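Since the structure comes first, as structure tokens, the remarks are kept for the end.
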Amino acid sequence: MNINHNAKGAYVIWLRELKRYWVDKPRIISSLAQPLLFLFILGTGLSRIGSSKLGIEFIFPGIIGMTLLFTSIFSAVSIVWDREFGFLKEVLVAPVSRTAVAIGKALGGASVAMIQGTLILLLAPFIGVVLNPIILIKLWSFMFLIAFSINSLGLIVAVRMKTMEGFQMVMNFFLFPMFLLSGALFPITSLPGWLSYLVRANPLTYGVDLLRQTLLGPHVAVFSPYFDLGFLICFAIIAISVAVIMFRTTE
Amino acid sequence: MLLKVAIKPTYIIERFDSCGIYLVGDILRLISMSNSIIRVENLVKKFNSFEAVSDVSFEVFEGETFGFLGPNGAGKTTTINALVTIAKPTSGKAYLNGFNVVENPGDVRRSIGIVFQDPSLDERLTAIDNLQFHGIIYNIDKQTRNKNIATMLDMMKLTERQNDLVRTFSGGMKRRLEIARGLIHEPKVLFLDEPTIGLDPQTRNYIWTYIDRLKERTGLTIFLTTHYMDEAENCDRIAIIDEGKIIALDTPENLKKMVGENIITLKTEDNDKAKKEIQDKFGISLKQRADAIRLEVSDGEKFVPKLIKETTVNIDYISLWKPTLDDVFLKLTGRAIREEKADASEQMRQRSRMWIKRR
Ligand SMILES: Nc1ncnc2c1ncn2[C@@H]1O[C@H](COP(=O)(O)OP(=O)(O)OP(=O)(O)O)[C@@H](O)[C@H]1O
Ligand SMILES: [Mg+2]
């Protein structure tokens, strides 16, 4: 009964994320504009430089990763808005476990990110990437894993943040480095030592690698798919656990 | 000696055995009266070095309406936040429904409901979505939930707007929705932090009628903070809080007795002279506040005509009122709870005024 109640609590928090997403249609459009700009302008520009590896096809999985990253971080950071507009109090005094709250929130954000990611994925035929049902199911599972990991990470950062000023900091020190050092836009194999450590610590690196080899084939792989998956699963479990602990003790 | 023995529980049981059925009612009353649902012991809450709540202790009994009265910044909301587990006390202990708010927050949360002072709705959701969210997260079964939501929407006159986004609502409508949400589940203790602020008298009336009925049906305990004197007067007991400390705690009647029966305020052309005259002729001690003279008498209606007859200084105005809890606060601290007064209609209800002008 208690478990049932907590499951319902997580469900309704998940549902709220989706409803808020659906209500805010301008945000859906504008948050698609950015990845599309990157995809076509950067993709076209890079292919003119001459390297055969760098092209619209190469960055397409990276742009999906970018969409997942940005949507997830925005969803997670919305908790700061919830705090500022007071809604967080309603959740924090409710008789539902904080574990359910954190998981519901991470699942909600992950679902929204997956919808956004899928909208980008719809462009695959125009870019010359072939999709079939098996690839699609694989991609969705990986996208979910990536989005859930990043949502959990975002919650860890956002749950203690008291004002929106902190958000700018997150953008500069967290979001953009994570994006740029993930291999989304350029190959990471030839980076110097200190940068390559950051790349290897970045969960998005493994996410993008996984998406890329699923979409384009094993010849573009940097790591083995099992290693990518293993890293992401471990990261997701650790991140959501820390997020739960942070939720339990937040005021 | 006898009294001391009488309050020992074993003694009660012995009496119960020997006297049988006659004592059952007495014992039940004794148990229910002493059954405290909130117990606060030496509660302190600091924000950095600033002490918002300093060493507060009190008890709230099951089924009573307990009021917190105090000026802005007194520490009312901070105390409530500690009791509802969203602020961690710096020191001290608090129990709600027998559970420690720090050690068993989950059990505490299952016992309470709250209408926050500050907005706490999701403005990007519709009214009905806000209510459904609350109903589900408080684990109310679907049938009861839908029934309660319909009742509350109807009472708050929001049924037609239920599918609109909350951000399109007016301030008063948001407030009504917030109270509606607080009332769709039936907790053991309901915290109302200035619930009816900004609402019209008719709506306030509906809400209080509903809460009174709920109280009768469920034996709910209410913890209220308010700046409306009529709401405060309806409390069973009131704690007056100032600068983080409780400075008085009693029934409204007893508190008002502290002030004296009636208060007369007058303004004259020469307050100093008038003051001296009144002191000489009536032997009453006076207080001068800003540009007016205040005096406390037992029978104001009879005293005012005498006062007018006996003073030679021209009186600009004179007013008489029965003490309110505001005056209790003034008496205790030397300050008014808030300088600006509530709307005119409220003043009319609370005071019988008498304006006299002489030239
Ligand atoms: N989060 C916070 N950080 C710092 N100071 C705070 C915080 N919350 C409250 N305070 C301070 O604590 C004191 C008590 O505030 P509280 O909100 O409890 O007052 P209140 O009695 O509810 O007043 P009001 O009638 O205005 O609602 C105030 O001086 C306030 O500035
Ligand atoms: Mg307050």
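Predicted model only: the values in this text are computed from it and were never measured. These values consider heavy atoms only, across backbone and side chains, with no hydrogens, waters or symmetry-generated copies.
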Would you indicate whether the side-chain heavy atoms of [Y] and [X] approach each other to under 4.5 Å?
{"X": "V96(A)", "Y": "R109(B)", "value": "no"}
{"X": "R181(B)", "Y": "E90(A)", "value": "yes"}
{"X": "I137(B)", "Y": "Y11(A)", "value": "no"}
{"X": "F116(B)", "Y": "V93(A)", "value": "yes"}
{"X": "E123(B)", "Y": "F87(A)", "value": "no"}
{"X": "P119(B)", "Y": "F85(A)", "value": "no"}
{"X": "I86(B)", "Y": "E251(A)", "value": "no"}
{"X": "F133(B)", "Y": "L15(A)", "value": "no"}

Taking side chain as everything from C-beta outward and backbone as N, CA, C, O, which of these in D82(A) sits under 4.5 Å from a heavy atom of chain B? Side chain, backbone, both or neither. neither
Quick check on [X] against chain A: is it the side chain, the backbone, both or neither that has a heavy atom closer than 4.5 Å?
{"X": "L125(B)", "answer": "side chain"}
{"X": "H134(B)", "answer": "both"}
{"X": "D129(B)", "answer": "side chain"}

Nearest heavy-atom neighbours spanning G86(A) and S120(B): O-CB, 3.2 Å
For [X], does the [atom1] atom sit with more than 12 other heavy atoms under 6.0 Å from it, leaving out its own atoms?
{"X": "F174(A)", "atom1": "CZ", "value": "yes"}
{"X": "K46(B)", "atom1": "NZ", "value": "no"}
{"X": "F74(A)", "atom1": "CZ", "value": "no"}
{"X": "K162(A)", "atom1": "NZ", "value": "yes"}
{"X": "K157(B)", "atom1": "NZ", "value": "yes"}
{"X": "K188(B)", "atom1": "NZ", "value": "no"}

Atom [atom1] in [X], atom [atom2] in [Y]: separation rounded to 0.5 Å?
{"X": "L165(B)", "Y": "R20(A)", "atom1": "CG", "atom2": "CZ", "answer": "11.0 Å"}
{"X": "E84(A)", "Y": "D118(B)", "atom1": "CD", "atom2": "CG", "answer": "12.5 Å"}
{"X": "R16(A)", "Y": "R124(B)", "atom1": "CZ", "atom2": "CZ", "answer": "9.5 Å"}

In terms of heavy-atom pairs under 4.5 Å with chain B, the winner among V91(A), I13(A), T250(A), T249(A) is I13(A)
